[in-house]
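The figures here come from the full heavy-atom set of this structure, side chains too, leaving out hydrogens, waters and symmetry mates.
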Amino acid sequence: MAQETKQVCVRMPVDLLEKIDKLAEVQHRDRSNMVVHVLALYVEALEKQENKPEWVKVEEGWID
């Protein structure tokens, strides 16, 4: 049974997108699958952290 999905749109720096595309090509994935894979790994790693950081509220906009 296929997992339910939802289409989203994100903006990202061009250089980051190019790196993602290169990684996707090496791993024989399309861009979308690569982004989902990387985010899933990151979320899993955060969930496993013992000392989870506190969530902080930030103003809307870019964080540098």
Side-chain angles (χ1 to χ4, degrees):
M1 183 174 192
Q3 188 175 15
E4 184 179 357
T5 63
K6 184 173 183 177
Q7 185 172 350
V8 297
C9 179
V10 298
R11 294 175 192 242
M12 66 180 69
V14 173
D15 60 331
L16 177 59
L17 186 59
E18 290 170 351
K19 290 176 184 179
I20 291 170
D21 286 344
K22 286 179 185 177
L23 288 171
E25 183 178 349
V26 169
Q27 295 193 11
H28 306 287
R29 299 174 184 267
D30 61 30
R31 178 189 289 165
S32 181
N33 184 268
M34 189 71 210
V35 170
V36 170
H37 178 68
V38 169
L39 289 173
L41 291 174
Y42 183 74
V43 168
E44 183 179 342
L46 286 178
E47 288 176 339
K48 289 181 179 180
Q49 283 184 356
E50 289 183 25
N51 298 320
K52 294 181 182 178
E54 294 291 324
W55 289 101
V56 295
K57 184 175 181 180
V58 296
E59 295 296 322
E60 184 176 341
W62 291 101
I63 301 174
D64 293 324

With side chains defined as the heavy atoms from C-beta onward, is the minimum distance between E25 and D21 less than 4.5 Å?
no
Beyond-backbone contact of N33 with Q27, side-chain heavy atoms, under 4.5 angstrom
no
Start with the C-alpha distance between E18 and K22, add both sets of side-chain angles, then the distance that settles salt bridge (Lys or Arg N to Asp or Glu O under 4.0 Å), and finish with yes or no.
CA-CA 6 Å; E18 290 170 351; K22 286 179 185 177; over 6 Å; no
Do [X] and [Y] share a hydrophobic cluster (ILVMFWY, side-chain heavy atoms under 4.5 Å, transitive)?
| X | Y | answer |
| --- | --- | --- |
| V8 | L41 | no |
| L16 | L39 | yes |
| V38 | L17 | yes |

Closest non-hydrogen atom pair between M12 and I20, with its separation:
SD-CD1, 3.8 Å
